[in-house]
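Heads up: the structure comes next, in structure tokens.
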There are 2 protein chains.
Amino acid sequence: MSRQAIVSQPTNALEERLLQALREAGLRLTPQRRAICRYLAGTKEHPTAQQIFAAVKPDFPSLSLATVYNTLDALVRLGAVHALGGAGDGAIHYDADTNPHVNLACLQCHRVVDLPCETVAELDRRVARESGYRILGARLVYYGLCPDCQRAEQRAAA
Amino acid sequence: MSRQAIVSQPTNALEERLLQALREAGLRLTPQRRAICRYLAGTKEHPTAQQIFAAVKPDFPSLSLATVYNTLDALVRLGAVHALGGAGDGAIHYDADTNPHVNLACLQCHRVVDLPCETVAELDRRVARESGYRILGARLVYYGLCPDCQRAEQRAAA
DNA sequence: TCCATAGTTTAGAATCCATCTAAATTTGGA
DNA sequence: TCCAAATTTAGATGGATTCTAAACTATGGA
């Protein structure tokens, strides 16, 4: 038991899925890992390791960045979260939503958002059928300029 | 004229497309930029900026990394090459093949292959239309078990 | 419950990618 | 040819990620 108080117990399905992935891999469920999983499961953002660190640090003053990277590495290797690189800020963003969807990364403001798209489902089926692979996950990222940054660019050009 | 000798003149269609993109944007065709475009057009790999630098450096001993990044930035902004992030090594990979295709990554043997797929073109159009983003690049990765590793797994289970 | 130990965490150093800077150089048009 | 603006260069800088060794702890077994 950590010197940390036991924090709120309720878990959502996503959080439980992350914890389960760690358990099944034979990895230990430390309070730090629980906190990281909880944060990942509870945010709509696609945080970077640094953002996760900043968010969890208040509950674990001794938390080290290495622990965040360690945990994220494990989750990525297990396929429980997706690593979205190249958002233009040199940092890797992590996404706990592994359902097929498109991520849109703005190279200017570095925000990453989801784009629901029916064509993704069709692509899934085609890839599964034509590739011969047993598909376990997907990562679909488009890079570009979001509407806001496009407008800003046009104003700057004027 | 650079102090460099004029190197071989023949260009392939891909190289010419890159040079044309720079020309049309009103950017200057320096020997360094030509060499970078030539390398990009002539490789099947998805090189990082560092790899491009290392490959072109022998022909331009004074070449600076900043020039490589400068040129790649321009080409990406013009949509002539795609920036592929999150390849797992923390670096951005550049792909002069802008034809829509999917990467298939095997979680077991770690090989990555291309899968041409018409549905990708449709997805491209939909994303461009529905997102409001100006799309500059994409990375479409499905991961799972390749046919070979599926067979190996079945043998192991027996 | 207590122990042993293998797995984890930690702080900080080290590394690597990418960007920035100011000065020198070069391109392409007049 | 000459000039202005674009570009290149070397090196400094910033930031993300990885590495390391020592301290700590989760977990299973006695």
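Everything quoted here is computed from the prediction, not taken from an experiment. Note on naming: letters A, B, ... go to the chains in the order of the sequence lines (proteins, then strands), and numbering restarts at 1 for each one. Side-chain atoms are counted along with the backbone in the values below, which use heavy atoms only and exclude waters and symmetry mates.
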Within the structure provided, determine whether B:V102 and A:L140 are in side-chain contact (heavy-atom separation under 4.5 Å).
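When only atoms from C-beta onward are counted, A:L140 and B:V102 do not touch, as no gap falls below 4.5 Å.
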Can you tell me if the side-chain N/O atoms of [X] get under 4.0 Å from OP1 or OP2 in [N]?
{"X": "A:S64", "N": "C:dT9", "answer": "no"}
{"X": "A:Y69", "N": "D:dT17", "answer": "yes"}
{"X": "A:N70", "N": "C:dT9", "answer": "yes"}
{"X": "A:Q32", "N": "D:dT25", "answer": "no"}

Figure out the [atom1]/[atom2] separation between [X] and [N], and round it to whole Å.
{"X": "B:L22", "N": "D:dA6", "atom1": "CG", "atom2": "C1'", "value": "13 Å"}
{"X": "A:Q51", "N": "D:dA16", "atom1": "CD", "atom2": "P", "value": "9 Å"}
{"X": "B:I36", "N": "D:dT8", "atom1": "CD1", "atom2": "C1'", "value": "11 Å"}
{"X": "B:L63", "N": "D:dG11", "atom1": "CG", "atom2": "P", "value": "14 Å"}
{"X": "A:F53", "N": "D:dG15", "atom1": "CZ", "atom2": "P", "value": "15 Å"}
{"X": "B:I92", "N": "D:dT17", "atom1": "CD1", "atom2": "P", "value": "12 Å"}
{"X": "B:Y94", "N": "C:dC17", "atom1": "OH", "atom2": "P", "value": "12 Å"}
{"X": "B:R33", "N": "D:dT9", "atom1": "CZ", "atom2": "P", "value": "11 Å"}

Nearest-nucleotide 5' precedence on DNA chain C, A:K57 against B:A49
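That would be A:K57.
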Got a second to check how far B:C37's SG is from B:L22's CG, nearest 0.5 Å?
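Interatomic distance, B:C37 SG to B:L22 CG, rounded to 0.5 Å: 5.0 Å.
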For the side chain of B:R28, counting heavy atoms from C-beta on, which of D:dT9, D:dT27, D:dA6 is nearest?
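So the side chain of B:R28 is nearest to D:dA6.
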Go through D:dT9, C:dT10, D:dT17 for me and flag the one nearest to the B:T67 side chain.
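Side chain of B:T67 sits closest to D:dT9.
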Under 3.5 Å side-chain donor-acceptor pair for B:R23 and B:Q20
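Yes, a side-chain donor-acceptor pair sits under 3.5 Å.
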No-hydrogen, no-angle side-chain donor-acceptor test under 3.5 Å, A:H82 and A:D97:
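The criterion, which ignores hydrogens and geometry beyond distance, is not satisfied for A:D97 and A:H82.
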Could you see if B:V56 belongs to whatever hydrophobic cluster contains B:L14? Use Ile, Leu, Val, Met, Phe, Trp, Tyr and a side-chain cutoff under 4.5 Å.
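No, B:V56 and B:L14 fall in different hydrophobic clusters.
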Just call it for [X]: base, sugar-phosphate, or nothing, with non-hydrogen atoms closer than 4.0 Å on any strand.
{"X": "A:Q50", "value": "base"}
{"X": "B:T30", "value": "sugar-phosphate"}
{"X": "A:L65", "value": "base"}

